[in-house]
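Structure first, then comments.
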Amino acid sequence: MKYFIIIAGFALFALSSCEDFLEIPSETDLSATTFFKTQSDFEKAVNGAYAPLRTLYVSGPNSATGAWIMGEMHSDNTRYIFNQNYRAGIDQEQTADFIYDPASAAPTGRYQTNYLVIARANDVISRIDDVEFDAAAKDVIKGEAYFLRALCYFDLVQYFGEIPLHISPATSFDDVALPLSSVDEVYDQIIEDASQAAALLPVKSNQQAGRATSGAANTLLGNVYVVLGDYALAENALKEVVNSNEYSLLANYADIFDPANKNHTESVFEVQYLEGTEGYASNFMYSFFPQPITADELSTLMGNYNVFPENVQALNQDGFNIPTPDLIAAYKEGDLREDASIGYGMANGNMYPFILKYLNPHSTAGITNDNWPIYRYSEVLLLLAEALNEQNKTAEALEYLNMVHSHPRTGLSPISASDQGQLRELILDERRVELAFENKRWLDLVRAGKVQEVISSYGENVKANPQDYYFPEGFNPVPSSFTDFRTTFPLPASEALLNPNF
């Protein structure tokens with residue numbers, strides 16, 4: 001972590017122009033004190049703070065560090081297709097099998113990239129008030145930096161627990177070897193930052209598409225309060241989003257994930273990607289195909305869904321993020337979201353399910369234009385339903401739940417609940433199918449206190465029926481799988497070597 005924070009503090013690289021924050025100029029060796037002189041400099045700097053989100057949320061193909069590994073595969077939602085001829089995916093397999101290794105690439109990459117965003121946000125926050133320029137523009141830039149710092153600390157504290165709390169740029173190696181802050185201290189900082197962002201940022205209609213907004217900040221704040229059990233405060237923050245009239249659910253569920261609709265009315269905040277060869281494209285779908293798969297099988301699979309990219313080649317590694325039978329069974333009969341979310345295709349002569357919601361037309365294999373959703377308006381409604389239900393406002397909570405569950409795009413009738421406990425389960429079930437493959441399931445299980453119950457049962461099923469969970473005949477999970485049900489990951493071993501406080 002020392003090297004990531006020092007580099008971020010002293011070398012402003014990967015900074016994008018204010019016209020298009022996906023466009024990144026060449027690297028520079030300017031020091032921070034030399035660089036931060038004008039409004040344009042701060043716009044470039046905050047753009048640089050957004051940039052690592054593209055790595056943090058969805059690396060691919062066959063990445064060992066994509067956020068989906070810890071958010072979806074480390075749950076009962078998705079697994080891997082075991083390939084005995086490809087053994088370079090052990091980190092991902094262990095994460096899916098609940099085997100914790102401090103040297104694993106997925107938590108290490110997540111930890112380091114979050115701190116890279118934080119370090120860049122710290123540079124902006126600590127220096128912006130020393131430079132005079134348009135006050136309104138300054139407020140927006142500060143709000144974006146506060147939002148990004150809060151978002152990343154929220155991610156870190158949920159997955160790792162106690163972590164170092166950096167809120168100013170590091171100027172020496174001593175500055176980066178901080179002791180671990182308590183979970184309460186980290187949450188206090190997140191709330192302060194998200195509240196600042198909510199006050200400083202404009203509403204979505206007055207902000208450049210793809211950037212943080214007051215709606216995104218209030219959604220984050222509401223999410224934080226739900227996790228902390230401060231439900232009245234969560235209700236206040238989330239109703240700010242609802243009452244802003246800036247958001248609405250799309251009529252067709254599949255349209256949410258269509259690159260032609262980026263940053264649509266349901267989008268609260270999403271990671272921005274741009275198809276092309278400049279280095280800003282997404283390609284995570286190529287991790288999510290069932291593998292090994294021949295070129296002909298992949299062409300047929302894509303053709304079944306009217307996707308015809310050029311240069312399709314065989315993929316011969318593990319297939320990752322493959323929907324489990326458990327998740328497939330969680331969809332109610334007639335739920336239109338299932339067919340929009342999960343597809344089926346032949347791979348290596350076998351039929352497998354795969355994530356369909358991110359498979360969209362693109363020109364060249366491995367270069368896609370899909371954004372990654374972090375917050376959608378449907379989640380605002382479901383978080384609000386949860387906050388209301390936990391305050392015994394069951395009738396009102398049910399209304400918000402049914403705004404999602406019985407929206408015409410689902411094809412489902414409204415549901416009812418007789419008590420708080422029943423509604424709590426219904427909300428959790430709704431989140432599972434509405435937000436499938438968006439990195440929500442593991443954290444939902446932790447928040448609901450259901451890790452031991454759900455994962456132990458799920459693990460027993462995997463061990464008893466390995467072929468149902470994508471092991472070839474004769475292969476099984478390792479004996480140590482599904483024996484450790486901790487709710488946070490160990491801090492990365494590589495960081496412990498640099499910080500004596502770990």
Side-chain angles (χ1 to χ4, degrees), residues 71-72 75-78 219 222-223 226 238 241-242 245-268 270 288 305-306 321 323-344 353-360 370-389 394-418 422-441 444-445 448:
E72 291 288 344
S75 79
D76 56 342
N77 264 10
T78 66
T219 300
N223 194 171
V226 166
L238 295 165
V241 184
V242 172
N245 297 315
E246 292 280 328
Y247 305 95
S248 61
L249 301 181
L250 296 192
N252 182 0
Y253 188 78
D255 289 346
I256 298 168
F257 312 99
D258 187 341
N261 299 326
K262 288 184 177 186
N263 306 303
H264 46 70
T265 60
E266 188 167 337
S267 170
V268 177
E270 56 191 63
F288 302 164
Y305 299 98
N306 299 312
N321 226 13
T324 62
D326 310 60
L327 173 61
I328 294 170
Y331 287 91
K332 293 181 178 179
E333 185 176 355
D335 190 337
L336 301 176
R337 293 171 295 186
E338 181 177 1
D339 286 344
S341 300
I342 300 173
Y344 293 86
F354 70 96
I355 297 173
L356 179 61
K357 69 198 301 182
Y358 300 123
L359 179 59
N360 292 294
D370 296 83
N371 282 1
W372 189 275
I374 296 180
Y375 283 122
R376 295 195 283 113
Y377 187 54
S378 61
E379 185 171 14
V380 174
L381 298 175
L382 292 175
L383 284 170
L384 182 52
E386 186 173 342
L388 291 165
N389 186 53
T394 304
E396 188 179 359
L398 188 59
E399 290 179 14
Y400 283 103
L401 171 59
N402 273 318
M403 287 181 189
V404 179
H405 177 83
S406 59
H407 190 277
R409 73 188 188 190
T410 72
L412 300 175
S413 300
I415 53 177
S416 59
S418 59
Q422 183 186 20
L423 185 53
R424 184 182 293 126
E425 293 299 320
L426 290 171
I427 293 169
L428 183 63
D429 291 345
E430 189 67 24
R431 286 182 60 86
R432 188 178 191 186
V433 295
E434 171 66 25
L435 304 172
F437 319 124
E438 297 178 41
N439 303 341
K440 306 293 183 177
R441 179 61 173 172
D444 283 354
L445 291 176

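These numbers come from a predicted model, not from an experiment.
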Kindly indicate, with the supporting measurements, whether the criterion side chain to side chain contact (heavy atoms under 4.5 Å, CB included) is fulfilled by R337 and L412. CA-CA 10 Å; R337 293 171 295 186; L412 300 175; 3.9 Å; yes
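- Proximity of R431 to E379: side-chain heavy atoms (C-beta onward) are separated by under 4.5 Å at one or more points.
- Residues L445 and D76 form a side-chain contact, since some pair of their non-hydrogen atoms from C-beta on lies under 4.5 Å apart.
- Taking OH from Y377 and CD from E246, the interatomic distance works out to 11.0 Å, rounded to the nearest 0.5 Å.
- The CG atom of L238 sits 10.0 Å away from the CD atom of E386 when rounded to the nearest 0.5 Å.
- Side-chain atoms of V268 and Y247, non-hydrogen and from C-beta on, do get closer than 4.5 Å to each other.
- The two residues A385 and Y400 have their closest heavy-atom pair at CB-CB, 4.0 Å.
- Counting heavy atoms from C-beta on, the side chains of H407 and E434 never come closer than 4.5 Å.
- Considering E266, E338, K357 as possible partners of Y253, the one that fulfils the side chain to side chain donor-acceptor pair (under 3.5 Å) test is K357.
- R441 contributes no side-chain N or O that, together with a main-chain N or O of T78, makes up a donor-acceptor pair within less than 3.5 Å.
- Taking CG from L359 and CG from N306, the interatomic distance works out to 10.0 Å, rounded to the nearest 0.5 Å.
- When side chains are defined from C-beta on, Y375 does not count as touching V380, because their heavy atoms never get closer than 4.5 Å.
- The CD atom of E270 sits 10.0 Å away from the CD atom of E438 when rounded to the nearest 0.5 Å.
- For the pair S406 and S413, the tightest heavy-atom approach, listed with the atom from each and the gap, is CB-C, 3.8 Å.
- At least one side-chain heavy atom of I256 sits under 4.5 Å from a side-chain heavy atom of H264.
- Using a 4.5 Å heavy-atom threshold, the side chains of I355 and E72 count as separate.
- Residues meeting the side-chain hydrogen bond (donor to acceptor under 3.5 Å, both in side chains) test with T265, sequence neighbours left out: S248.
- The aromatic ring centres of Y305 and F354 sit less than 6.0 Å apart.
- R409 is not listed as a side-chain neighbour of N252, based on a closest heavy-atom distance of 4.5 Å or more.
- Relative orientation of the F288 and Y358 rings is tilted, given thresholds of 30° and 60° on the angle between their planes.
- The minimum heavy-atom distance linking F437 with S341 is given by the pair CE1-O, 3.8 Å.
- For the residue pair T410 and V404, the shortest heavy atom distance occurs at CG2-O, 3.4 Å.
- Here OG of S416 is found 10.0 Å from CG of L423. Values are rounded to the nearest 0.5 Å.
- Listed by chain and residue number, nothing satisfies the side-chain hydrogen bond (donor to acceptor under 3.5 Å, both in side chains) test with N402 (two or more places apart in sequence, or in another chain).
- In terms of heavy atoms, N77 sits closest to R432 at OD1-NE, 2.8 Å.
- A side-chain contact (heavy atoms from CB on, under 4.5 Å) with L401 is found for one member of N389, L381, I427, L388 and no other, namely I427.
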Worked check of side chain to side chain contact (heavy atoms under 4.5 Å, CB included) between S378 and L435: CA-CA 9 Å; S378 61; L435 304 172; 4.0 Å; yes
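- Atom-to-atom distance recorded for L398:CG and L426:CG is 8.0 Å, nearest 0.5 angstrom.
- Shortest non-hydrogen contact noted between V433 and D335 is CG2-OD2, 4.2 Å.
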